[in-house]
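Atoms considered below: every heavy atom in the structure, side chains included; atoms not considered: hydrogens, waters and symmetry mates. Letters A, B, ... mirror the listed sequences (proteins, then strands); counts begin at 1.
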Amino acid sequence: MDNDTASSSERSDFVRDIVAADLREGRIDSVVTRFPPEPNGYLHIGHAKSICLNFGVANEFGGRCHLRFDDTNPVKEEQEYIDSIEADVRWLGFDWGEHLYFASDYFEQLYEWALHLIREGKAYVDDLAADEIREYRGTLTEPGRESPWRERSAEENLDLFERMRAGEFENGSRVLRAKIDMASGNINFRDPVVYRILHSTHPRTGDAWCIYPSYDFAHGQSDAIEGVTHSVCTLEFQDHRPLYEWFIANLPVPSQPHQYEFARLNLTHTVLSKRVLLRLVKEAYVRGWDDPRMPTLSGIRRRGFPAEGMRDFAGMIGVARADSVVEVEMLEHAVRSVLNRTALRRFAVLDPLKVVIDNYPEGSSEDMEVTNNPEDPSAGTRQVPFSRELWIERDDFMETPPKKFFRLSPGREVRLRSAYFITCNEVVKDEEGNIVELRCTYDPESRGGSSPDGRKVKATLHWVSAAHAVPAEVRLYDHLFASPFPGSGGRDMFDDLNPDSETILGNCWVEPSLARLPIGETIQFERLGYFCVDPDSTSDALVFNRTLTLKDAWAKLQAQGRQNTA
RNA sequence: UGGGGCGUCGCCAAGCGGUAAGGCAUCGGCCUUUGGAGCCGACAUUCGUAGGUUCGAAUCCUACCGCCCCAGCCA
């Protein structure tokens, strides 16, 4: 398991500080954490932060991390989500070993503990309807009122609760509530609901139960059962911590876990909300949970992001308690940095322009040796066929080049990467004046890409031999949301969706070796960006996804120019 | 206006009484057979504000200001 990237293991944060101190001062013998997803959707980048934290801490301190599904609400949960979550955590690079658990494994024990509370006079069955409970709860500034059913006898409560379990009552007709303090400033203490009636089939327990524990009643006790020492969750659960502790203190649980909260991840141009992601999928704004534009782990995987980049990112952003919004550029940097080191370089032309080399022998071809990865000599070289007719990128040519355009133009000589120097002599156009072909000559002495006379050239272009190239579809991706803060300023988030988040190019040519690239491997199209094969590919129809562009100084210049003239 | 949190560079984030790490972004320069990568340099006299304690404060105290979370039988 490659969990110890430099960035994550060297960094410290308040959670790691607490764990280190607890270990050092003997409060615990070994650390136990858990990642507790509810299987009601797919995991996203925000979850990755939590996964890296929980598994990372366990790995670094020689403890263990459990994967526990918080499956206490059967109306929203599905087996599909359980399966995808397991696959995503594994993909991220973490291993829970034998420690796969489900809150539903503890339903019987939780039920016993509910009985315990009733016997102690610390819980009661309430007949109030949901809206009445809300009314009785009071407001943020006014205390609540006690339910008329609050003082039932333990016997009556026991009888009613058993009958709730037996299925005698309808959904919503009664709940079990902890009896704490209706006047507490902390609303979680105003007799929180502990069990509700839900006649619903559960993905794991089927129809064995029709009452289900609430999050507050299930979570801490599950931690206690598993011997979790540090129960790490996000900030919105801070107010629940006193309740978490109340249950632990009032129940005969086998261990004393503690809860710690950190700030959840927010990313610019991105929405990390299961509710919104579910809507994007259900209302077909995207093609599915694994659409390459989705911030889900399955989405970024399909997009070509390496798990290592995701982990490095988690290490870079740190863990703290202050609300924050991380710029996506940081994630993109982490991904590019891994890919620059590992991705094989290949040639592909996305918007082809024909080049004919007049002085190159007709009908012949030769193999050029091309470096696979200049960052990694051990990646070796490959042979790429070269011939008289080639495709180059349309925007690598300009008939009347502006000041800082270094690429090909009439009369100008450039290098074809790892091949020859060529000079453009003639621009061929159709009746409408569109450039359809460039007539060029090459310098046979410049084979490999340098001239014996030491002649310099200002640009290097990528190319593909027309006779050998393989056709492909290439899907370009950009931020799903055009605004850095979707939905800010009172706008509807969905109005901030980027209409150009996906651009499909159907007329691309890639070098022959790409016909056999396996799904899941991300490579670099030289000078263009990182790409991977999409699972939509078939043996005779290649489809590539653009993972990320390369940083592009020329594009930036152009953008600035456009801004200045606008 | 109840309760709980948080405020250090454009964005993350170290710092835990001894005189502001690092990363991303940005801007220069070098180098380059990817306008990629790499390299070098610049980038907070100041830590929400105002007072106080101290030889010394981002770190301690007080007050104020701002932002976030909580009124699901969701998690």
Is [X] close enough to [N] that one of its side-chain N or O atoms is under 4.0 Å from OP1 or OP2 there?
X: A:R527; N: B:G35; answer: yes
X: A:K551; N: B:A37; answer: yes
X: A:H462; N: B:U34; answer: no
X: A:Q560; N: B:C27; answer: yes
X: A:R415; N: B:G35; answer: no
X: A:R321; N: B:C68; answer: no

Practice task
Using the test side-chain hydrogen bond (donor to acceptor under 3.5 Å, both in side chains), find all partners of A:R346 that sit at least two apart in sequence or belong to another chain.
Solution key: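 Here the qualifying residues are A:N372, A:S513.
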
Quick one: label [X] by what it contacts on the DNA or RNA (base, sugar-phosphate, nothing), any heavy atom closer than 4.0 Å.
X: A:F69; result: nothing
X: A:T72; result: sugar-phosphate
X: A:E38; result: sugar-phosphate
X: A:S418; result: base
X: A:V325; result: sugar-phosphate

Exercise for the section: Could you tell me how the ring of A:F161 sits relative to the ring of A:Y111: parallel (under 30°), tilted (30 to 60°) or perpendicular (over 60°)? Expected result: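 Rings of A:F161 and A:Y111: parallel, under 30°.
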
Exercise for the section: State whether the number of non-hydrogen atoms from other residues, nucleotides or ligands found under 6.0 Å of A:W554 atom CH2 is greater than 12. Expected result: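 Count over threshold, so yes.
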
Practice task
May I ask whether A:Y215 stacks on the base of B:A75, given the cut-offs of 5.5 Å between ring centres and 30° between planes?
Solution key: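 No, the aromatic ring of A:Y215 does not stack with the base.
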
Handout entry: Axial cation check for A:W209 ring with A:R165, 6.0 Å and 45° limits
Key =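 Flagged: A:R165 positioned over aromatic ring of A:W209.
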
Handout entry: Distance under 6.0 Å and angle within 45° of ring axis: A:R415 vs A:F421
Key = no

Restricting both atoms to N or O, compile the protein contacts to nucleotides 70-72 of chain B shorter than 3.5 Å, with distance only.
residue : atom : partner : partner atom : Å
B:A71   : O2'  : A:R137  : NE           : 3.4
B:G72   : OP2  : A:R134  : NE           : 3.4
B:G72   : OP2  : A:R137  : NH2          : 3.1

Fill in the blank from the handout: The nucleotide from B:G15, B:G35, B:U34 with an atom nearest the side chain of A:D17 is B:G15

Exercise for the section: Check for a donor-acceptor pair, side chain of A:R264 on one end and backbone N or O of A:G46 on the other, with a separation under 3.5 Å. Expected result: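 Here the side-chain-to-backbone pair does not exist.
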
Handout entry: In B:G72, glycosidic geometry as syn within 90° of 0 or anti otherwise
Key =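 Syn, angle within 90° of zero.
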
Handout entry: B:A21 to B:G2 separation - P atoms, rounded to the nearest Å
Key = 40 Å

Problem - Output field: ring centroids A:F217/A:W113 closer than 6.0 Å - result: no

